Amino acid sequence: MDHYKLLFSWHMIINSKLPSVGTTIFSVMSKMAEDHQAINLSQGFPDYPVDEKLIANIHQAMKKGFNQYAPMPGLLALRALISEKMEQFYQASYHPETEITITAGGTQAIFTAINAFINAGDEVIIFEPAYDCYAPAIKLVGGLVKPFELQAPDYKIDWEMVKKLFTANTKMIIINSPHNPSGSILHKEDIDALIKLTKDTDILILSDEVYEHIIFDGEKHQSIALYPELAERSLIVASFGKLLHATGWKVGYCLAPAKLMTEFRRIHQFNVFSVNTPMQVGIAEYLKSSSVYNDLSLFFQKKRDLLRALLGETQLELLPCKGSYFQCVSYGHLSNEKDVDFAKSLVTDFGVATIPLSAFYTKGNDDQILRLCFAKEDATLEKAVKKLINLH
Ligand code: PMP
């Protein structure tokens, strides 16, 4: 019998659901950075510590015995605080009981939202360059990805052209502002155009707002929550990883009107059921007395300005950056190399790891642009750019 099993496993054919997915460039670049002891500005995570007070809150929560399952939609106290924040920032009403769910990071919220609403054959419009989890999640449920390609340097959306992608099967549009990887933001005119385009349709909007509190130069984040006629058929995704400088904790949330949230939770309860309890207790405690929402943009604006000033001394060309913690640069005037090769040579020859933007396109478009993460100590940014001074 055992012999039979062994034979069977040798001949087993695995019908991969994502056959073209290999090791992503994010893992490749981080591994290369490690192997060559390069400064890692590739993956988006801070290299500085989390606030001690927040850590103490979580420690306390564990010591007080908050170590068992949280309620399926999340800790009510945390949902209540999120509801208050939505009221305060966007004058939007999301009921803590029925319209807010705590998730295992933004990624799970996106995955669950797509699972809940996309059926085989449904079409989902995404804007590329796009965060890498959208397309696989759509494909896994048999949905069709309809990418709309944006152009450097400002990655502005031409909404009249987007309309051309609409068919009877268009089910969802995914937007992301502030935008990873480009650092661009959506303005009121964009949301007005989106409202006009989808008026009198049942098209759902999935709004990835994980960088909502990282927006620069006095710009106001255009949350979908500000627009009631769109919010009624939208799901908004947020992440405490970005807000609290703790990407490894993987706690986020989803907001949606009750009717949509009921469907979302049908999937959520079998996907993760509930999220890390002491983290939720500790985060709720911390948010009560923290000014993090108001401080974050300035904190990162200083880092953006520092990185841009430093890069100004190199031959790399800066693209605009209005939000998120990513700065893009172009090098086409220096080299004909493909962006993946150029990024690899920056690690081996200069000791700095970045991400090539072709990684964010279905078709691998290469405009010779690299993404640098500036959620780093000032000293890290200074050291990294010093290494790039002789690049020409
Ligand atoms: N959306 C975007 C645009 C992101 O950049 C990220 C994180 N890199 C996420 C979603 C996922 O957030 P989380 O880490 O909370 O899963």
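Note that ligands are numbered from 1 as they come in the structure, with each ligand's atoms numbered from 1 the same way. Remember, it's a predicted structure, so these values are computed and weren't measured experimentally.
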Task: salt bridge (Lys or Arg N to Asp or Glu O under 4.0 Å) involving Lys344 - partner list, sequence neighbours excluded - done: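 Salt bridge (Lys or Arg N to Asp or Glu O under 4.0 Å) check on Lys344 returns nothing, list empty.
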One pair per line, please: each N/O atom of ligand 1 matched with every protein N/O atom under 3.5 Å away, atom names first, then the distance to 0.1 Å.
{"residue": "ligand 1", "atom": "1 (N)", "partner": "Asp208", "partner atom": "OD1", "Å": "3.3"}
{"residue": "ligand 1", "atom": "1 (N)", "partner": "Asp208", "partner atom": "OD2", "Å": "2.5"}
{"residue": "ligand 1", "atom": "5 (O)", "partner": "Asn180", "partner atom": "ND2", "Å": "2.8"}
{"residue": "ligand 1", "atom": "5 (O)", "partner": "Tyr211", "partner atom": "OH", "Å": "2.6"}
{"residue": "ligand 1", "atom": "8 (N)", "partner": "Lys242", "partner atom": "NZ", "Å": "2.9"}
{"residue": "ligand 1", "atom": "14 (O)", "partner": "Lys250", "partner atom": "NZ", "Å": "3.3"}
{"residue": "ligand 1", "atom": "15 (O)", "partner": "Gly106", "partner atom": "N", "Å": "2.7"}
{"residue": "ligand 1", "atom": "15 (O)", "partner": "Ser239", "partner atom": "OG", "Å": "2.7"}
{"residue": "ligand 1", "atom": "16 (O)", "partner": "Gly106", "partner atom": "N", "Å": "3.1"}
{"residue": "ligand 1", "atom": "16 (O)", "partner": "Thr107", "partner atom": "N", "Å": "2.9"}
{"residue": "ligand 1", "atom": "16 (O)", "partner": "Thr107", "partner atom": "OG1", "Å": "2.6"}
{"residue": "ligand 1", "atom": "16 (O)", "partner": "Lys250", "partner atom": "NZ", "Å": "2.7"}

Open item on the list: Going by the rule side-chain hydrogen bond (donor to acceptor under 3.5 Å, both in side chains), which residues pair with Ser182 if we only count those two or more places apart in sequence or in a different chain?
Closed with: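 Partners of Ser182 under the side-chain hydrogen bond (donor to acceptor under 3.5 Å, both in side chains) test: His179, Ser184.
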TODO: Run the numbers on Asp192 and Lys196 for salt bridge (charged side-chain N to carboxylate O under 4.0 Å, His left out), then give the verdict.
DONE: CA-CA 6 Å; Asp192 287 342; Lys196 204 168 136 208; over 6 Å; no
TODO: May I ask you to check whether His245 and Phe300 place their ring centers less than 6.0 Å from one another?
DONE: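 That pair passes the under 6.0 Å test.
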Task: Flag for Asn365-Glu128: side-chain donor and acceptor within less than 3.5 Å - done: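 The answer is no; no qualifying pair exists.
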Show the atom names and distances, to 0.1 Å, of all donor-acceptor pairs under 3.5 Å that link a side chain in residues 224-234 to residues at least two apart or in another chain.
{"residue": "Tyr227", "atom": "OH", "partner": "Gln222", "partner atom": "OE1", "Å": "2.4"}
{"residue": "Arg233", "atom": "NH1", "partner": "Thr198", "partner atom": "OG1", "Å": "3.2"}
{"residue": "Arg233", "atom": "NH1", "partner": "Ile203", "partner atom": "O", "Å": "2.9"}
{"residue": "Arg233", "atom": "NH2", "partner": "Thr198", "partner atom": "O", "Å": "3.1"}
{"residue": "Arg233", "atom": "NH2", "partner": "Thr198", "partner atom": "OG1", "Å": "2.9"}
{"residue": "Ser234", "atom": "OG", "partner": "Leu230", "partner atom": "O", "Å": "2.6"}

